[in-house]
There are 2 protein chains.
Amino acid sequence: MDRQGSNHALIFFNQVVDLCYDGGSMYDGVNRYDGVSMRVDVMDDSEFRDIRKLEILAQMTDENFRKLTRRAYVQNFPVRVELITEGEPSDFLHIVLSGSVDLFSAWNGREASLATVRPISTLVLAATIRDAPYLMSARTLEKSRIALIPSKDVRTVFDADNAFARAIVAELAQCYRSVVKNIKELKLRTSLERLANYLLRQQGRAGGEAVFDLDFEKRRLASVLGMTPEHLSRAFKGLQPHGVTVNGTRITIDNRSALEKFARPNPLIDDFSS
Amino acid sequence: MDRQGSNHALIFFNQVVDLCYDGGSMYDGVNRYDGVSMRVDVMDDSEFRDIRKLEILAQMTDENFRKLTRRAYVQNFPVRVELITEGEPSDFLHIVLSGSVDLFSAWNGREASLATVRPISTLVLAATIRDAPYLMSARTLEKSRIALIPSKDVRTVFDADNAFARAIVAELAQCYRSVVKNIKELKLRTSLERLANYLLRQQGRAGGEAVFDLDFEKRRLASVLGMTPEHLSRAFKGLQPHGVTVNGTRITIDNRSALEKFARPNPLIDDFSS
DNA sequence: CGTAACCTTGAGGGCCGTCAAAAAATGTGG
DNA sequence: CCACATTTTTTGACGGCCCTCAAGGTTACG
């Protein structure tokens, strides 16, 4: 295992040159951001273990795992770096190891957040599998550590390793279902109802406490929920009669049953697990 | 091949008893609909060939195909029959052989169309794979012929047949991407823009003719596009300045380039193929 | 401590939904 | 094929939801 790690180290640094300092490379735009340099690292043992824990990688053979990670590398990105851009070919499968990433899309001068990706999971799996252009762009929401696996290697191993292929099906089916829930929410609920249900879900994730913090800025929350920041601000006021108090990013749910009565949460829209 | 067909015939009729006339079966409610009886048929040779053509079934071994279709059967449904109901366990993988099916969802007294399924493709693949409850309901839009494969058999063969598993990944990735496009459309476009782009797509499907017919009723189109029928009626008027004339279900696009200028179609939202 | 984000608040207006009723289209039984 | 009932579509009036623009307040960060 140690030797693998060392082998990779060399290859990773080759990749650094290719990917970060070459003129025409995918990531050459990164250095725009305040002159912050991206640290590119070997994928060390603990990271190997982290990645291996990913559901889609856990069951595959060691040999195929090695094939998959041979040309892979890990990189640290500062906040607000655009990792991928919609419309471009999907050169890499990205795996978020730490931090968080915003998936968004733009059209005709407008922009909308579509999802947030947290560790440890993948970006743009579907695009990689279909060898199709990205449908969404991605940018870091905070300092993030991200593994990049060449899409071609993913497809090669996908064709060779049945456990990997099956794991990907499960992951994709999960992703599909979560997007369907998103559409249902957009088409069936008003913005006030979406906010109310979001707060209920968030409270659940925060351990059910009556007081908890929003886990990202309101401007983004507005976009995720499909509304403007101004409207979100008013929507919070609109939930006061239903037992919600807001102070900065701190939310207090004084009366959960009242909020539930208004929000009418539904497992077929709000459950993340199934 | 003939012998296969005959063997299945007997099994199908056993299934008929189990599924259509038993008190507690999934489909016993079907006969509610105006006393119309569902015709349940053997899956004859031509239908075998049709199903086999389905991308997700084309590559699998004959033996696994037999396993998959052993307990499967084919049924004719009249218009407006609810085939599946959201929240119920996914007992069958449905394959639309002819006709068309509306996928929709309801919450809190509201209802929205989410997609239309046309031959030859599957419903609820993700639910079947994950052995999870349906997220959407489905009803026939017209007289339809539908094959039903027990979900358990799908999962069994999925575990045994690698070609099948891979084909399902491709199909799921495709479905995922199409749902993402749907979300982008909802979040980034106004209803007028959604209608304009829908007309451009529809014109393409109709062979590019300047005059073509809508392929389903306006009430449903409104729901698919995320608006009310009344608003759709006004939206059509709103597109007149952009070169669109409407007469009943007949659409005339007098000035495609003007419409495109307004609609700004984008392959990352409007392309169905990629 | 100052700059630059972000958040809030107000005013105004456009988009879009609801309700109601008339017109048109569709389906049904004789 | 016609007459009738039903459903769909259209139109009008109205109101609420939600966006835009602008300004002031707050927070975060160098």
Side-chain angles (χ1 to χ4, degrees), chain A residues 33-36 78-80 102 107-113 139 141-143 185-196 213-242 244-251 262, chain B residues 33-36 78-80 102 107-113 139 141-143 185-196 213-242 244-251 262:
Chain A
Y33 294 87
D34 312 310
V36 179
V79 70
R80 260 185 296 274
D102 180 34
W107 177 82
N108 207 13
R110 294 163 224 167
E111 184 182 307
S113 279
R139 74 163 75 89
L141 285 169
E142 50 192 315
K143 212 165 152 305
E185 177 145 56
L186 284 172
K187 281 199 159 180
L188 292 169
R189 288 175 173 162
T190 67
S191 64
L192 207 60
E193 289 163 345
R194 294 198 292 275
L195 175 60
D213 284 313
L214 294 175
D215 60 351
F216 40 62
E217 61 183 6
K218 292 182 181 171
R219 153 186 290 278
R220 262 203 82 237
L221 176 57
S223 188
V224 167
L225 294 177
M227 56 213 243
T228 58
E230 296 96 323
H231 189 67
L232 174 64
S233 189
R234 288 165 185 131
F236 273 122
K237 294 248 155 69
L239 287 182
Q240 265 176 17
H242 300 107
V244 176
T245 326
V246 183
N247 197 312
T249 62
R250 175 139 301 177
I251 309 295
F262 170 75
Chain B
Y33 293 87
D34 311 310
V36 180
V79 70
R80 261 185 293 275
D102 180 33
W107 177 81
N108 207 16
R110 293 163 225 166
E111 186 183 306
S113 279
R139 74 163 77 89
L141 285 168
E142 50 191 315
K143 212 165 153 301
E185 177 144 57
L186 284 172
K187 280 198 160 179
L188 292 169
R189 287 175 173 164
T190 67
S191 63
L192 206 60
E193 289 163 344
R194 294 199 292 274
L195 176 59
D213 285 313
L214 295 174
D215 61 349
F216 40 63
E217 61 183 8
K218 291 181 180 172
R219 153 185 291 278
R220 262 204 80 238
L221 177 57
S223 188
V224 167
L225 295 176
M227 56 210 247
T228 58
E230 296 94 324
H231 190 67
L232 174 64
S233 188
R234 287 166 184 128
F236 274 122
K237 294 249 156 70
L239 288 183
Q240 265 176 18
H242 302 290
V244 176
T245 328
V246 182
N247 196 311
T249 61
R250 175 140 300 176
I251 309 293
F262 171 75

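In this text, all values refer to a predicted model and were calculated from it rather than measured experimentally. Chain letters run A, B, ... following the sequence lines, proteins first, then strands; residues in each count from 1.
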Each nucleotide N or O in nucleotides 21-30 of chain D that has a protein N or O under 3.5 Å away: list the pair and distance.
from, atom 1, to, atom 2, distance (Å)
D/dC21, N4, A/Glu230, OE2, 3.2

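- Taking atom CD of B/Glu217 as the reference point, atom P of D/dT6 lies 18 Å away to the nearest angstrom.
- Atom CZ of B/Arg219 is separated from atom P of C/dA24 by 19 Å (rounded to the nearest Å).
- B/Ser113 contributes no side-chain N or O that, together with a main-chain N or O of B/Ser223, makes up a donor-acceptor pair within less than 3.5 Å.
- Atom C1' of nucleotide C/dC6 and atom CG of A/Leu141 are separated by 15 Å, given to the nearest angstrom.
- Annotation: side chain of B/Asp213 is in contact with side chain of B/Arg250 (closest heavy-atom distance under 4.5 Å).
- Rounded to a whole Å, the CG atom of B/Leu225 is 11 Å from the P atom of C/dG17.
- When rounded to the nearest whole Å, the span between CZ of B/Arg110 and P of D/dC17 equals 11 Å.
- Distances shorter than 4.0 Å separate some side-chain N or O of B/Lys218 from OP1 or OP2 on D/dT10.
- At a threshold of 4.0 Å, the pair B/Arg80-B/Glu217 does not count as salt-bridged, since none of the basic side-chain nitrogens sits closer than that to a carboxylate oxygen.
- Between the P atom of D/dT7 and the CZ atom of B/Phe216 lies a distance of 21 Å, rounded to the nearest Å.
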Measure all distances between protein nitrogen or oxygen atoms and nitrogen or oxygen atoms of nucleotides 14-16 of chain C, and list the pairs falling under 3.5 Å.
from, atom 1, to, atom 2, distance (Å)
C/dC16, OP1, B/Ser191, N, 3.1
C/dC16, OP1, B/Ser191, OG, 3.3
C/dC16, OP2, B/Ser191, OG, 2.6
C/dC16, OP2, B/His231, NE2, 3.3

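- At least one side-chain heavy atom of B/Arg194 sits less than 4.5 Å from a side-chain heavy atom of B/Leu186.
- Remark: the backbone N or O of B/Leu188 is paired with a side-chain donor or acceptor of A/Arg110 at under 3.5 angstrom.
- B/Leu232 has its CG atom 14 Å from the P atom of D/dT8, to the nearest Å.
- Here the shortest heavy-atom pairing between A/Arg189 and A/Glu193 reads CA-OE1, 3.3 Å.
- Of the possible donor and acceptor atoms, none in the side chain of B/Lys218 sits under 3.5 Å from a partner among the backbone N and O of B/Pro229.
- The closest donor-acceptor contact from the side chain of A/Lys187 to the backbone of B/Val224 lies under 3.5 Å.
- The two residues A/Leu192 and A/Ala235 have their closest heavy-atom pair at CD1-O, 3.3 Å.
- For the pair A/Arg220 CZ and C/dC7 P, the interatomic distance rounds to 12 Å; values are reported in whole Å.
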